[in-house]
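Naming convention: chains lettered A, B, ... in sequence-line order (proteins, then strands); numbering from 1 in each chain.
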Number of protein chains: 2
Amino acid sequence: MNLFQQYQNPSLAVDIVVFGYQQRTLSVLLLNRNEAPFKDTWTLPGAFLQMDERFKDTCSRVLKTKLGMDDVYLEQLYSFDDLDRDPRGRVIAVAHYALINPKNVSIAAGSMANDVKWFDVNQLPELGFDHVAIFIQALQRLRSKIVYFPIGFELLDEIFTLPELHDLYECILDTTIDRRNFRRKIMDAQYIIATGKKREGVQNRQPDLYKFNKKLQKDNFLLNIQ
Amino acid sequence: MNLFQQYQNPSLAVDIVVFGYQQRTLSVLLLNRNEAPFKDTWTLPGAFLQMDERFKDTCSRVLKTKLGMDDVYLEQLYSFDDLDRDPRGRVIAVAHYALINPKNVSIAAGSMANDVKWFDVNQLPELGFDHVAIFIQALQRLRSKIVYFPIGFELLDEIFTLPELHDLYECILDTTIDRRNFRRKIMDAQYIIATGKKREGVQNRQPDLYKFNKKLQKDNFLLNIQ
DNA sequence: TCAAAAGTGTTTGTACTACACCCATGC
DNA sequence: GCATGGGTGTAGTACAAACACTTTTGA
């Protein structure tokens with residue numbers, strides 16, 4: 001036997017905090033488990049790592065299976081290693097968060113879940129395992145990241161209005177941001193590009209439509225919201 | 001057999017980027033391996049996780065064994081999961097970084113190493129495994145963290161002068177920082193407390209001695225260096 | 001013509017930058 | 001007394017915050 005294999009190893013899993021933005025609300029996708037442990041309890045989606053997988057592969061597998069979603073913005077967050085975080089034994093979770101546009105996915109409870117649902121981040125149910133801690137850290141990371149890196153687009157449609165982007169930032173940061181200053185900062189940073197079109201079929205004045213500036217210098221970018 | 005254990009699991013290790021500051025230089029501690037793989041090559045210190053250990057326990061064990069050091073500032077960085085990052089098999093590394101004051105430790109090559117040495121971060125030798133990537137990320141993290149969180153003290157003596165703190169920041173950030181503006185920012189932030197004493201036995205004017213303000217509000221702290 | 005939301009510009013204040021002089025100590 | 005590094009203060013500038021009016025659309 002290889003010296004290398006005489007060690008017993010913890011199980012390795014990924015857990016994913018999937019953020020979505022819809023109806024002017026930041027939401028998280030949760031699964032209601034239909035198996036012990038934490039049967040009938042809401043948890044983050046996750047899966048065990050297979051030997052030939054990298055973390056992102058495992059995440060993609062989960063997102064594909066449970067959300068029918070490819071090509072998702074995904075970032076590694078932190079690894080959680082409490083000795084008793086999983087009643088089944090020693091499991092280490094490498095937490096990730098994902099940003100998706102709920103419009104582009106059709107969620108379906110798989111064989112492992114009673115139900116899959118979006119929850120407003122401000123109205124979460126009780127969560128199983130240590131998933132509250134993971135969620136809190138994910139939200140913190142999203143909040144700190146969105147002011148120095150253009151990731152907001154991952155949550156919006158390809159084409160969007162400036163008031164929509166503004167509302168997204170207010171939702172995520174949970175503050176009010178001055179409309180006019182926000183607009184100036186976004187425009188100065190060349191964050192977005194005018195399409196020359198306007199959104200039609202709205203109640204009031206038709207807002208301009210923009211798209212993300214993909215040539216944006218992503219490093220050295222700072223939004224500096226109030 | 002438990003369904004749970006039918007999966008094969010990768011090995012889990014921690015690797016630690018140990019930063020030290022001495023002779024006006026930011027350094028990293030490296031081990032020269034005396035065993036394959038990467039025999040006679042410099043690498044970061046690390047160890048395999050034992051089943052009853054948390055990451056920090058494993059790190060402490062390494063730091064204690066190889067540095068005779070307890071009570072070190074330690075932070076989890078990122079988990080590295082390349083399939084072939086270790087020629088012995090599938091090993092996932094949970095990278096950490098540590099900040100220590102080299103004065104307080106006596107490094108000694110253990111049975112696993114030919115040698116243990118400090119290297120200027122700007123003059124690293126070739127590193128084994130994927131340790132260059134880990135190092136780069138650690139340095140980035142240190143640089144971004146030091147401007148919004150008071151961790152510089154971990155690298156200095158209990159009592160230090162403002163020019164010393166200033167030089168530390170210049171070393172870590174690899175820039176020049178205006179002396180007078182730096183002083184004002186540090187003082188305004190109530191970052192440090194005057195001891196009323198001066199350093200003696202120096203060539204020129206005796207600089208004031210300070211200590212860290214432990215009551216500092218660590219959240220909501222921003223230094224904003226140029 | 002009115003209500004509701006979108007677009008635009010100006011003033012004010014604060015905080016960062018840049019910069020120069022005096023002070024203490026050892027040789 | 002001179003060289004070297006340490007301590008202090010100020011003026012200018014740039015950017016963020018605060019704020020009000022006009023425009024467009026549907027009802």
Asker: Flag the pair A/R24 and A/E170 as a salt bridge only when some basic side-chain nitrogen lies within less than 4.0 angstrom of an acidic carboxylate oxygen.
Answerer: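 Salt bridge: no.
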Asker: Heavy atoms from C-beta onward define the side chain here; which of C/dT17, C/dG7, D/dG7 lies closest to that of B/P163?
Answerer: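 Nucleotide nearest to B/P163's side chain: D/dG7.
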Asker: Is the closest basic N to carboxylate O distance between B/R61 and B/E53 below 4.0 Å?
Answerer: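 Yes, charged N to carboxylate O under 4.0 Å.
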Asker: If you compare every side-chain N and O of B/K198 against the phosphate oxygens of C/dA24 (OP1, OP2), does one of them come in below 4.0 Å?
Answerer: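 Result: no.
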Asker: Looking at A/R180, I'd like to know whether one of its side-chain N or O atoms comes within less than 4.0 Å of OP1 or OP2 on D/dC19.
Answerer: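 No, outside the criterion.
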Asker: Among the candidates C/dC19, C/dG7, D/dC19, find the nucleotide nearest to the side-chain atoms of A/R183.
Answerer: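 The listed nucleotide nearest to A/R183's side chain is C/dG7.
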Asker: Hey, are A/N32 and A/D115 close enough side-chain-wise for a donor-acceptor pair under 3.5 Å?
Answerer: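 Looking only at side-chain atoms, A/N32 and A/D115 do not form any donor-acceptor pair under 3.5 Å.
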Asker: With sequence neighbours left out, write down each residue that passes ring-ring contact (aromatic ring centres under 6.0 Å, His included) with A/W42, or none if nothing qualifies.
Answerer: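 Listed in chain order: A/F119.
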Asker: Taking only distance into account, with no hydrogens and no angle test, what donor-acceptor pairs under 3.5 Å do side-chain atoms of residues 14-23 of chain B form with protein atoms, sequence neighbours excluded?
Answerer:
unit_1	atom_1	unit_2	atom_2	d
B/D15	OD2	B/R85	NH2	3.3
B/D15	OD2	B/H131	NE2	3.2
B/Y21	OH	B/D167	OD2	2.4

Asker: Measure CD/B/E164 against P/D/dG5 and give the value in whole Å, please.
Answerer: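 Taking CD of B/E164 and P of D/dG5, I get 14 Å after rounding.
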Asker: Take the protein atom CG of B/L165 and the nucleotide atom P of D/dG7, then report the distance between them rounded to whole Å.
Answerer: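 Answer to the nearest Å: 12 Å.
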Asker: Stepwise, does the ring pair (Phe, Tyr, Trp, His ring centres under 6.0 Å) test hold for A/Y210 with A/F160?
Answerer: CA-CA 5 Å; A/Y210 295 89; A/F160 54 89; 7.1 Å; no
Asker: Rounded to whole angstroms, how far apart are CZ on A/F182 and P on C/dT8?
Answerer: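 Rounded to whole Å, this separation is 15 Å.
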Asker: Take the protein atom CD1 of A/I186 and the nucleotide atom P of C/dG7, then report the distance between them rounded to whole Å.
Answerer: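 In whole Å, C/dG7 P lies 13 Å from A/I186 CD1.
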Asker: If you assign each of B/R179 and A/R179 to its closest nucleotide in DNA chain D, which residue comes earlier from the 5' end?
Answerer: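 Final value for this comparison: B/R179.
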Asker: Decide, yes or no, whether a salt bridge links B/K103 with B/D157 under the criterion of side-chain N to carboxylate O below 4.0 Å.
Answerer: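 The answer is yes: the pair qualifies as a salt bridge.
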Asker: Rounded to whole Å, please give me the gap between CG in A/D178 and P in C/dT12.
Answerer: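 Result: 17 Å.
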Asker: Would you mind reading off the distance between B/N181 atom CG and D/dT8 atom C1', rounded to a whole angstrom?
Answerer: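 That distance rounds to 12 Å.
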Asker: Which parts of residues 199-210 of chain B get close to DNA chain D, meaning a heavy atom less than 4.0 angstrom away?
Answerer: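 The stretch gives B/N204, B/R205, B/P207, B/D208 as the residues lying under 4.0 Å from the strand, ordered by number.
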Asker: May I ask you to verify if any side-chain N or O of B/K185 is less than 4.0 angstrom from the OP1 or OP2 atom of C/dA15?
Answerer: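 Answer no for this pair, as no side-chain N or O of B/K185 is under 4.0 Å from OP1 or OP2.
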Asker: Both B/R184 and A/R184 contact DNA chain C. Taking the nearest nucleotide for each, which residue is further toward the 5' end?
Answerer: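 The residue whose closest nucleotide sits nearer the 5' end is A/R184.
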Asker: Could you check how far NZ of B/K197 sits from P of D/dG6, rounded to whole Å?
Answerer: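 Answer to the nearest Å: 21 Å.
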